[in-house]
Amino acid sequence: MAFPYMEAVVGFMILMYIFETYLDVRQHAALKLPTLPKTLEGVISQEKFEKSRAYSIDKSNFHFISQFVTIVMDSAILLYGVLPWFWKKSGNILESTGLDAENEIYHTLAFLAGVMIWSQITDLPFSLYSTFVIEERHGFNKQTIWLFFRDMIKGLILAIVIGPPIVSAIILIVQKGGPYLAIYLWGFMFVLSIVMMTIYPVLIAPLFNKFTPLPDGELRTKIETLASSLNFPLKKLFVVDGSTRSSHSNAYMYGFFKNKRIVLYDTLIQQCKNVEEVVAVIAHELGHWKLNHTMYSFIAVQVLTLFQFGGYTLVKNSKDLFMSFGFDTQPVLIGLILFQHTIIPIQHLVSFGLNLVSRAFEFQADAFAKNLGYSKPLRDGLVKLQEENLSEMNTDPWYSAYHYSHPPLVERLVAIDGADKKAD
């Protein structure tokens with residue numbers, strides 16, 4: 001008797017939905033607490049706390065609805081054989097246009113085009129509500145409906161331009177890969193990730209945002225001095241117009257080898273009016289670089305990708321797997337999709353482990369910035385960002401341990417203050 005892959009996948013999806021909903025309920029209860037955590041008393045104003053509380057509860061309520069709709073739709077798609085039905089329909093559409101449905105690349109691209117259209121239709125109401133109701137209500141949304149749809153159209157065009165060559169290459173690699181298929185797939189994805197990390201900030205990101213050099217002044221001088229003192233090969237320092245879409249703030253760096261760039265959101269500069277606070281945030285980011293966190297994360301992803309492709313090669317020819325989900329053929333892309341479904345339990349465990357590592361990295365980067373003398377400005381900057389972004393002030397420990405890649409503010413402040421006390 002064949003193993004019921006599809007039933008097992010749906011069963012696990014539902015179990016995970018129940019477990020994560022339980023965590024969501026715990027977090028929702030924490031968000032409704034009427035008082036600040038003791039660590040934040042006298043640090044966060046009552047006005048900001050009330051605004052943060054209202055914003056977080058709104059997002060939490062919306063999350064309950066969106067997750068319920070998602071699990072119902074995903075389960076129905078698998079249980080009612082929507083994927084094999086849609087695969088056959090995409091072949092029929094190809095034949096009606098005079099194209100060869102037996103050509104797996106054409107057939108796969110037609111299938112993906114339909115999936116992309118379906119995803120846009122089903123995701124659109126949630127995206128619109130999140131942006132123009134919740135974010136608007138709490139003062140974060142800055143984009144117009146025209147800008148929203150313009151970004152969506154640009155994203156679709158990029159998917160149409162970039163997607164087909166990548167999908168075609170993967171299909172050909174699987175068809176010709178032989179016994180070294182896993183290595184070939186990993187090698188292709190490795191090269192692709194390097195290429196995308198190279199062209200994204202230069203060619204793709206500017207399609208959506210405007211990047212301008214940070215003007216000369218105290219902030220630029222201090223960041224360049226800090227980078228130089230750490231031997232960070234800073235080549236360019238940009239400000240991005242994040243305020244055209246949202247008042248949320250951020251900062252990041254990118255680039256390879258001796259060609260590093262730092263990008264500051266204009267909202268970060270506006271919110272942290274004290275230059276030292278912005279520099280402290282950058283010191284934290286440079287800590288990730290100096291401590292090789294980015295390299296370790298990249299290596300971890302590559303190792304996991306190689307193992308994932310190795311697992312795929314073991315099941316890609318399993319007729320039972322395909323038949324369990326209602327397929328009477330074994331297309332490459334469908335095999336990858338089904339394999340991703342079967343390893344959902346492992347993916348959850350890996351994600352949890354990576355979050356643990358990521359939170360440890362955040363504490364280390366905070367300690368790095370503190371050791372450079374930025375303890376107070378880092379503390380003040382983190383508090384300011386928490387206030388201005390209306391981030392959750394109260395968090396459930398189980399929820400944050402499972403979901404958060406960054407420690408809650410309370411834990412970060414305790415770590416910074418604790419290190420200061422030890423130093424004293």
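Note: hydrogens, waters and symmetry copies are ignored here, and every other heavy atom, side chains too, is used.
- Between Tyr55 and Phe140, the ring centre distance stays below 6.0 Å.
- In the displayed structure, Phe132 atom CZ is contacted under 6.0 Å by more than 12 heavy atoms of other residues, nucleotides or ligands.
- You'll find the side chain of Lys260 reaches within 4.5 Å of the side chain of Trp289, heavy atoms only.
- For the residue pair Gln27/His403, the side-chain donor-acceptor check at 3.5 Å is not satisfied.
- The neighbour count for Phe208 CZ, taken as heavy atoms of other residues, nucleotides or ligands under 6.0 Å away, is above 12.
- The shortest non-hydrogen separation linking Asp396 to Tyr399 is OD2-N, 3.0 Å.
- Note that CZ of Phe238 and OG1 of Thr212 are 8.5 Å apart. Values are rounded to the nearest 0.5 Å.
- Nearest heavy atom pair, residue Ser246 against residue Thr267, reads O-CG2, 3.7 Å.
- In this structure, Ser52 and Met393 approach most closely via the heavy-atom pair OG-CG, 3.6 Å.
- For the pair Val281/Leu264, no side-chain contact is recorded, criterion being any heavy-atom separation below 4.5 Å from C-beta on.
- Side chain to side chain, Glu20 and Tyr402 meet the donor-acceptor criterion of an N or O pair below 3.5 Å.
- Judged purely by distance below 3.5 Å, without hydrogens or angles, the side chains of His28 and Ser60 pair a donor atom with an acceptor atom.
- Around atom NZ of Lys32, no more than 12 heavy atoms belonging to other residues, nucleotides or ligands sit under 6.0 Å away.
- Between Phe111 and Trp87, the gap from one ring centroid to the other is short of 6.0 Å.
- Contact annotation: the side chain of Asn274 never approaches that of Pro377 to less than 4.5 Å [non-hydrogen atoms, C-beta and beyond].
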Query raised in the report: Given the rule in the side-chain hydrogen bond (donor to acceptor under 3.5 Å, both in side chains) test, do Ser243 and Asp266 qualify, once you have shown the distances and angles that lead to the verdict?
Result: CA-CA 7 Å; Ser243 59; Asp266 55 356; 2.5 Å; yes
Query raised in the report: Going through the checks in order, is the salt bridge (charged side-chain N to carboxylate O under 4.0 Å, His left out) test met by Lys48 and Glu388?
Result: CA-CA 8 Å; Lys48 287 293 185 181; Glu388 297 302 324; 3.8 Å; yes
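- Between Arg53 and Glu392 there is no salt bridge, since no side-chain N of the basic residue sits under 4.0 Å from a carboxylate O of the acidic one.
- A salt bridge links Arg412 and Asp366; the closest N-O separation between the charged side-chain nitrogens and carboxylate oxygens is under 4.0 Å.
- For the residue pair Ser90 / His107, a side-chain donor-acceptor distance below 3.5 Å is found, with atom types taken as modelled.
- Among all heavy-atom pairs drawn from Tyr5 and Ser324, the shortest one is N-OG, 3.1 Å.
- Side-chain contact between Ile262 and Leu214 is absent, with no heavy atoms from C-beta onward closer than 4.5 Å.
- Expressed to the nearest 0.5 Å, how far CZ of Arg245 lies from OG1 of Thr144 amounts to 9.5 Å.
- The minimum heavy-atom distance between Phe62 and Ser130, with the atom names listed, is CE2-CB, 4.0 Å.
- Between Val315 and Thr342 there is no side-chain heavy-atom pair separated by less than 4.5 Å.
- One finds no salt bridge joining Asp380 and Lys384 here, because no Lys/Arg side-chain nitrogen approaches an Asp/Glu carboxylate oxygen to under 4.0 Å.
- Counting only N and O atoms by type, the side chains of Gln340 and Gln308 include a donor and acceptor under 3.5 Å apart.
- Relative to the six-membered ring of Phe86, Lys88 misses at least one condition, a distance below 6.0 Å or an angle of at most 45° to the axis.
- Looking at heavy atoms from C-beta onward, Lys316 lies out of side-chain contact with Val332 at the 4.5 angstrom threshold.
- In summary, the side chains of Glu135 and Asn141 do not present any donor paired with an acceptor at a separation below 3.5 Å, with no hydrogens or angles considered.
- Phe361 has its ring centre no less than 6.0 Å from the ring centre of His288.
- At least one side-chain heavy atom of Arg150 sits under 4.5 Å from a side-chain heavy atom of Leu147.
- For the pairing with Gln364, the side-chain hydrogen bond (donor to acceptor under 3.5 Å, both in side chains) check across His293, Lys290, His284 returns one residue only, His293.
- Here Glu276 pairs with Lys222 in a salt bridge; the nearest charged N to carboxylate O distance falls below 4.0 Å.
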